[in-house]
Amino acid sequence: MPEPEPERTAPKRFPDRDEIAAVRAEAEPLEAGAEGGSTVRVAGRAMARRAMGKLVFLDVVDRSGRIQAICDVAVTGELDVRLGDVVGVVGRPAKSRRGEPSVLAASVEVLARTTQPLPDTFHGLTDVELRYRKRYLDLLMNEETRETFLARARVISAIRRALDEDGFVEVETPVLQPRYGGAFARPFVTHHNELGADLYLRIATELYLKRLIVGGLERVYEIGKDFRNEGVSFKHNPEFTMLEWYEAYADYRDTMARIEGLVERVAREVLGTTVVTFRGNQLDLAGPWERIRFVEALERHELWTRDAGELRAWLTERGVDTEADRDWTQLVDHAFSHYVEPGLIQPTIVHDYPVELSPFARPTDDDPTLTERFEYFAGGMELGNAFTEINEAAMQQARFEQQSEQVEGERGDPDYVEALSYGMPPTGGLGFGIDRFVMLLTGKESIRDVVLFPALRALPGAG
RNA sequence: GGGCCGUUAGCUCAGCUGGUAGAGCAGGGGACUCUUAAUCCCAAGGUCGAAGGUUCGAAUCCUUCACGGCCCA
């Protein structure tokens, strides 16, 4: 380690700091030109400086807000502050002669230097690539970005609070899995040297969480990252945040009610309303949501058939390229995501999916070719997926076998089937895409605007 | 994977039909005791995304590549 230059030994702490928003509130009721009696200590970035010779106005910004410090250099000494420096100001709440809430500074110290010029303080940082690659600058320069990520944090803590109150236990299951499953997706593969085995980054938490239901935990949830080695788009990031919960003694109808209640509650807690604007549409997240059967949703577009050839012909007729779709399940998925999903603007529950698409869902009572599965949508995006879980080992084994005949079917997991053979209570389970939910609540149209460090290609020459 | 658009100073942007690079902010120096995109003066700041090509001459035209955005698959 190189010796620090003595002139750079800045203070290591700034204790008893007051939030700028609180100081502002204290200054607000004062008369223009007056100062309050208390002493306050604020700290943050110097984001603007208006130097009038012996009098310097510094705008100091912290997480809570912005306030100007009025610095009479006869009191504070010469200021050596660059825009972007982190400063600590001690003074009194005051109002300038023009009525601006301020801190009348008794002392100003530089707590950390910037050695790089800050981006344009008027225009902010607008280059989207730079905003993603250097998110710290985006957060520094753009208040809206700060608000978005603070909202995201409130969403996640509100979800935890709601589930905790409802008797769910938060658990952590493996990210590195010897077998991947619980979704249709290509995994990331890695290798454990000591075990001498390839491992997969999980694409879902599903199969581990249900083992915990077998184990008697009754209500479990996990909020964490899943990883899918697939395309990147406005609604796809290779790692994304997923909530999954499993509830013993519940079916998919109970689960519908629970997710409607959760979404409504979180929206109210975070935004104070259930009405949001997304991609130019106003939507109301309050339940009950619209419900439509899967088959009916496709029938409305005259796209329901169980015949792969017929479906392919219909799609081709409409100019859809089906070359990559190698069997009926892929064709029907293509038809649904192309024609049905984008139109599901208001929150909508699509339910009773064909058995071929639903390897973990129990059949419906009146039609064994359909399952008690639903997906729910809003703003034209899928938010999540849920079902009445198969809780019988033999049925699960049969589904795995059926799936293995499909092009991209679920791979079997004998260890999971064995767990079920010890008996799993009837269970309702659900997955919920947190990033997309945050997009809806904040009105951000790209997942990259709600993920702090979205996946980007490496720049040439970068490690 | 395909189409379109973009990439010029740390940031935000000009730069015309090809003639050799500009502004504002930030940073440096100076003036100024109530400003708030403060103002004023001075100086400095560039491998024009990269590599080729055309040309007497390329930020500008052509090709390829990289990165990003939007749309499509």
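In the text below, chain A, chain B and the rest are named by the order of the sequence lines, each starting its count at 1. Note: hydrogens, waters and symmetry copies are ignored here, and every other heavy atom, side chains too, is used.
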So what does [X] hit on the nucleic acid, given a heavy-atom distance under 4.0 Å: a base, only sugar-phosphate, or nothing?
| X | answer |
| --- | --- |
| A/Arg133 | sugar-phosphate |
| A/Asp321 | sugar-phosphate |
| A/Arg49 | sugar-phosphate |
| A/Ala51 | base |
| A/His334 | nothing |

Indicate whether any N or O donor in one side chain lies under 3.5 Å from an N or O acceptor in the other, for [X] and [Y].
| X | Y | value |
| --- | --- | --- |
| A/Arg411 | A/Gln403 | no |
| A/Glu375 | A/Tyr353 | yes |
| A/Thr305 | A/Asp307 | no |
| A/Asp138 | A/Thr145 | yes |
| A/Thr241 | A/Arg436 | no |

If we take the [atom1] atom in both [N] and [M], what is their distance in whole Å?
| N | M | atom1 | value |
| --- | --- | --- | --- |
| B/A23 | B/C61 | C1' | 27 Å |
| B/A26 | B/A37 | P | 13 Å |
| B/A58 | B/G15 | C1' | 14 Å |
| B/G27 | B/A43 | C1' | 12 Å |
| B/A66 | B/C56 | P | 32 Å |
| B/U60 | B/C16 | P | 11 Å |
| B/G46 | B/U8 | C1' | 8 Å |
| B/A50 | B/G45 | C1' | 23 Å |

Go through residues 82-97 of chain A and report each residue with a non-hydrogen atom lying under 4.0 Å from RNA chain B, sorted by number.
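Heavy-atom contacts with RNA chain B come from A/Arg82, A/Leu83, A/Ser96, A/Arg97.
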**Asked** With respect to the phosphate group of B/C34, does any side-chain polar atom (N or O) of A/Arg50 fall under 4.0 Å of OP1 or OP2?
**Response**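 Answer is no, no contact under 4.0 Å.
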| said: So, does A/His338 get its side chain near the phosphate of B/A73, meaning an N or O under 4.0 Å from OP1 or OP2? | reply: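 So the side-chain polar atoms of A/His338 do come within 4.0 Å of the phosphate oxygens OP1 or OP2 of B/A73, strictly under.
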Report the base-pairing partner of [N] (Watson-Crick or G-U wobble, both distances below 3.5 angstrom), or none.
| N | answer |
| --- | --- |
| B/G45 | none |
| B/G57 | none |
| B/G1 | B/C72 |
| B/G22 | B/C13 |
| B/U33 | none |
| B/G6 | B/C67 |

Please give, in whole Å, the distance from [N] [atom2] to [X] [atom1]?
| X | N | atom1 | atom2 | answer |
| --- | --- | --- | --- | --- |
| A/Leu55 | B/U33 | CG | C1' | 5 Å |
| A/Asp59 | B/A37 | CG | C1' | 11 Å |
| A/Met47 | B/U36 | CE | P | 18 Å |
| A/Met52 | B/G30 | CE | P | 18 Å |
| A/Arg66 | B/A37 | CZ | C1' | 10 Å |
| A/Arg45 | B/A26 | CZ | P | 17 Å |
| A/Leu456 | B/C67 | CG | C1' | 9 Å |
| A/Arg113 | B/G27 | CZ | C1' | 12 Å |

Once base and sugar-phosphate atoms are separated, protein heavy atoms under 4.0 Å mark nucleotides 4-12 of chain B, 5' to 3', with B, S and - as ------BBS
Could you go through A/Glu244 and A/Thr205, starting from their C-alpha distance and side-chain angles, then the distance that decides it, and tell me whether this counts as side-chain hydrogen bond (donor to acceptor under 3.5 Å, both in side chains)? CA-CA 7 Å; A/Glu244 287 192 37; A/Thr205 46; 2.9 Å; yes
On RNA chain B, check which nucleotide each of A/Ala74 and A/Glu100 is closest to and give me the residue with the more 5' one.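 Its nearest nucleotide being more 5', the pick is A/Ala74.
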Practice task
Could you pick out which residue, A/Val81 or A/Phe122, lies toward the 5' side of RNA chain B when each is mapped onto its nearest nucleotide?
Solution key: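 Closer to the 5' end of RNA chain B: A/Val81.
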| Relative to each other, are the rings of A/Phe336 and A/Phe377 parallel, tilted or perpendicular (30° and 60° limits)? |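 Ring orientation of A/Phe336 relative to A/Phe377: tilted.
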* Establish, yes or no, whether a centroid distance under 6.0 Å links the rings of A/Phe400 and A/Phe360. =>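 Yes.
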Identify whether NZ of Lys or CZ of Arg in A/Arg186 sits under 6.0 Å from the centre of the six-membered ring of A/Tyr180 and within 45° of that ring's axis.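 Not satisfied by the 6.0 Å and 45° rule.
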Options B/U36, B/U33, B/G68, nucleotide nearest the side-chain atoms of A/Asp72: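 Between B/U36, B/U33, B/G68, the one nearest the side chain of A/Asp72 would be B/U33.
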Can you list every ring pair (Phe, Tyr, Trp, His ring centres under 6.0 Å) pair that touches residues 134-160 of chain A, not counting sequence neighbours?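 Qualifying pairs, neighbours excluded: none.
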Legend entry - Residues A/Asp449 and A/Arg131 bridged, charged N to O under 4.0 Å: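 Salt bridge present between A/Asp449 and A/Arg131.
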For this session: Determine, step by step, whether A/Arg362 and A/Thr388 satisfy the side-chain hydrogen bond (donor to acceptor under 3.5 Å, both in side chains) criterion, reporting the C-alpha distance in whole Å, the side-chain angles of both residues, the deciding distance to 0.1 Å, and the verdict.
Result: CA-CA 6 Å; A/Arg362 287 176 67 164; A/Thr388 305; over 6 Å; no
